[in-house]
Amino acid sequence: MELLPTQLAARIRTAIEAAQAAGALPDFALPESIPVQRSAKPELGDYASPVALQLAKLARRKPLEVAEVIAAHLAPGEAVGAVEVAPPGFLNFRLADDWLLAQVDAIIAADDEVFTLAIGRGQRAQVECVSANPTGPITVGRTRGGVIGSTMANILRALGYDVEMEYYFNNAGRQMQLLGQSLQARYRQALGLPADFPPDGYQGDYLATIAQELIAQHGDTLRDEPWQRFKDEAEAAIFKWIERSLARVNIRFDVFFNENSLYEDGSVWKVLDLLEARGYVYRAVTREGASEEERAKVPPDAQDAIWFRSTRLGDEEDRVLVKSTGEPTYVLPDIAYHINKLERGFTYLINVLGADHIVEAQTVARGLLAAGYDPGPVHVLLHQFVTLVEGGETRRMSTRRGEYVTLDELVDDVGPDVVRYFILARSPNSHLEFDLDLARKHANENPVFYIQNAHVRCAGIFRQAAEAGLTDEDADLSLLGERERQFITKLLEMPEVLVEAYEELAPHKLAFYALDLARQFHPMYEEVRVLHSEVPLDLAKARLRLYRAARIVFRRALTLMGMSAPDVM
RNA sequence: GUGGCUAUAGCUCAGCGGAUUAGAGCGCUUGUCUACGGAACAAGAGGUCGCAGGUUCGAAUCCUGCUAGCCACGCCA
């Protein structure tokens, strides 16, 4: 199905061209896109276009006249009923009633697949998010990326894409060594053995918990094992927690991709060769064009590092690919990883990252370009930070220091649906202040319940209807009134919202749409009764059918947001 | 210092070029209902959209400058 605004824009374009051909409008180049928007008020119709206001200057006519000429040349179409011209030059469209009512049946026929589009049909998409290294329990900050990512994945699926969720991690390196040494120390401490806790080791209680588990399982037999063994144990335990915690809020992954595999299969070095062959690499102790100060800091015996000449692609400074120690920085495997993604055949990739990773994202894009790949399919969805506010105080989080609020704690407090909605109902690039006291105290006053209650009420109607022996078979929808009609147009807005969320990488639009829909639903529910002695049977049937469609759309919206659609509360 | 994000109602936030009254949730005030789950509905108070210029038929929305807050500027990932 084609989106209504898209259909209308095409019809308007045709009408303008027809008017020009007929000499009713002078020849001028049409704008690339014809604006069509939802009307501000119901009295003004369902959709509107201000295109005549834009064209007035080109046409050297008054906007109102231009609008009238366009209206006169509009060909009739199935979805649109009346077209009106309103000052100062708007074209107002009202959807045709018979078409509108037919959509209710279309929604019911589609059921769980309602508003599935064909935009991504036959294409593979991938969403990468969370990607936290397994050094501790998943925090609220990381959860934001996961909620955003999983919702985008759901939206992509609704647009017809075949979608995979992926988690990229690194289980080598200094941080993991520190983790292994920290656990080793906790283990020895628990056994009353002398232990050296690393000065900047991981302070969280969870390592003591893992140490206890190790003792329960192995006694003191691990006392002389090297830190590597403890690293492996910590990693396994932590990953298990992470997966389980994320699954509680409906974040699930198809693939866990280990950075190390890029070393094992040689692709890291292949990328370096590729960049070198294309002239983007040089060896030096400092980057080209480094200041005197920087040069002065280099020790006289310094070895060469290998540099990426990213400045040639607009970067502020060149980046190190391989340290003077011979070890690559994260940049090189990151580029290799993205090449790997592209070569797996994904045509649409979303990379959900915290705002602190912006430089990394830019470097990867330049790396792809330098290596001869098109970074076009890679879409970076940056989100700002989450700060937790508790007792009126902002808490800064640090996994290392053991200062954090875990996802599990939060879910225990307020439930998975509230966690998801709180995070989702915020634009990714606005800072999220998660007020713990409010989330706990007012869990029952949350918009989440307002939205879910709409679904509950629909379910309630059907329970009662079943008892009363009422069905919506052979319902005559033409008996519905204006309020119901308005609600149907709101239902039909959902695919437009999905496409917007997709194009703008803005999953919060879905959250606001769902709330909006609920705001139209509840007043209608009060007035438009199904089971009441004064409601005639055929009217009750028509209304029941409308509520069937409403229920489907609420369930769809909630499910896409990764939330539950309860029948009872 | 450079770059990014943010600044809209008491609080948390949408809106990011369009229709002489700028929206929602929460909170506040006042009402409604012996009808499908009241976690409801209705009415109301509350905002010079950070400040100053500019562009446009039209600006909360675009541009410039300024102010304030957060973040990034590593041979860490």
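When reading the values below, keep in mind they use all heavy atoms of this one structure, side chains included, and skip hydrogens, waters and symmetry mates. Proteins get letters first, then strands, A, B, ... in listed order; numbering begins at 1 in each.
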Could a donor-acceptor pair under 3.5 angstrom be found where the side chain of A:T329 meets the base of B:C75? no
Side chain of A:R519, base of B:G25: donor and acceptor closer than 3.5 Å? no
For B:C16 versus B:A60, give the span between their C1' atoms, rounded off to a whole number of Å. 8 Å
Could you check whether A:V530 gets within reach of a base, just the sugar-phosphate, or nothing at all, counting any heavy atom under 4.0 Å? base
Roughly, in whole Å, what's the span from CZ in A:R61 to C1' in B:C57? 17 Å
Starting at CD of A:E316 and ending at P of B:G74, how long is that distance when rounded to a whole Å? 10 Å
In terms of the angle between their ring planes, are A:F257 and A:Y168 parallel, tilted or perpendicular, with boundaries placed at 30° and 60°? tilted
Identify whether any heavy atom of A:P50 sits under 4.0 Å from a base atom; if not, whether one sits that close to sugar-phosphate; answer base, sugar-phosphate or nothing. base
Sidechain N-carboxylate O distance under 4.0 Å for A:E288, A:R312: no
If you look at every strand shown and take non-hydrogen atoms under 4.0 Å, does A:H357 touch a base, only sugar-phosphate, or nothing? base
From CZ of A:F385 across to P of B:C70 the rounded distance in Å is 13 Å
Span that lies between the C1' atom of B:A24 and that of B:C5, in whole angstrom: 23 Å
Within the 4.0 Å heavy-atom criterion, would you say A:V285 contacts the bases, only the backbone, or no part of the nucleic acid? base
A:T387 side chain to A:E433 backbone, donor-acceptor under 3.5 Å: no
With heavy atoms under 4.0 Å as the rule, sort A:A355 into base, sugar-phosphate or nothing. nothing
Output yes if the stacking criterion (under 5.5 Å between centres, under 30° between planes) is met for A:Y330 over the base of B:A77, else no. no
Could you tell me if A:R309 sits above the aromatic ring of A:Y282, with its cationic atom closer than 6.0 Å to the ring centre and no more than 45 degrees from the axis? no
Is A:F512 stacked on the base of B:A14, meaning ring centres closer than 5.5 Å and planes within 30 degrees of each other? no
Any N or O donor-acceptor pair linking the side chain of A:D356 to the base of B:A77 at under 3.5 Å? no
Protein-nucleotide distance (A:E504, atom CD; B:G15, atom C1'), rounded to Å: 11 Å
Dot-bracket for RNA chain B: what is it, with Watson-Crick or G-U pairs under 3.5 Å, [ ] where a pair crosses earlier ones, and | for a pair to another strand? (((((((..((((....[....)))).(((((.......))))).....(((((..]....))))))))))))....
Between A:R551 and A:I461, is there a side-chain heavy-atom distance shorter than 4.5 Å? no
Which value, in whole Å, describes the distance between the C1' atoms of nucleotides B:G15 and B:A22? 9 Å
May I ask you to say what A:N92 touches in the nucleic acid, namely base, sugar-phosphate or nothing, with a heavy-atom cut-off under 4.0 Å? base
Contact class for A:V36 vs. all strands (heavy atom < 4.0 Å): base, sugar-phosphate, or nothing? nothing
Between P on B:C5 and CG on A:L505, what's the gap in Å once rounded to a whole number? 15 Å
What distance, rounded to whole Å, do you find between the two C1' atoms, one in B:G4 and one in B:A43? 45 Å
With rounding to whole Å, what would you report as the distance between B:U6 and B:C62 at their P atoms? 10 Å
Give one of base, sugar-phosphate or nothing for A:H522, where a contact means two heavy atoms less than 4.0 Å apart. sugar-phosphate
Distance, rounded to the nearest Å, where A:F308 contributes CZ and B:G74 contributes P: 17 Å
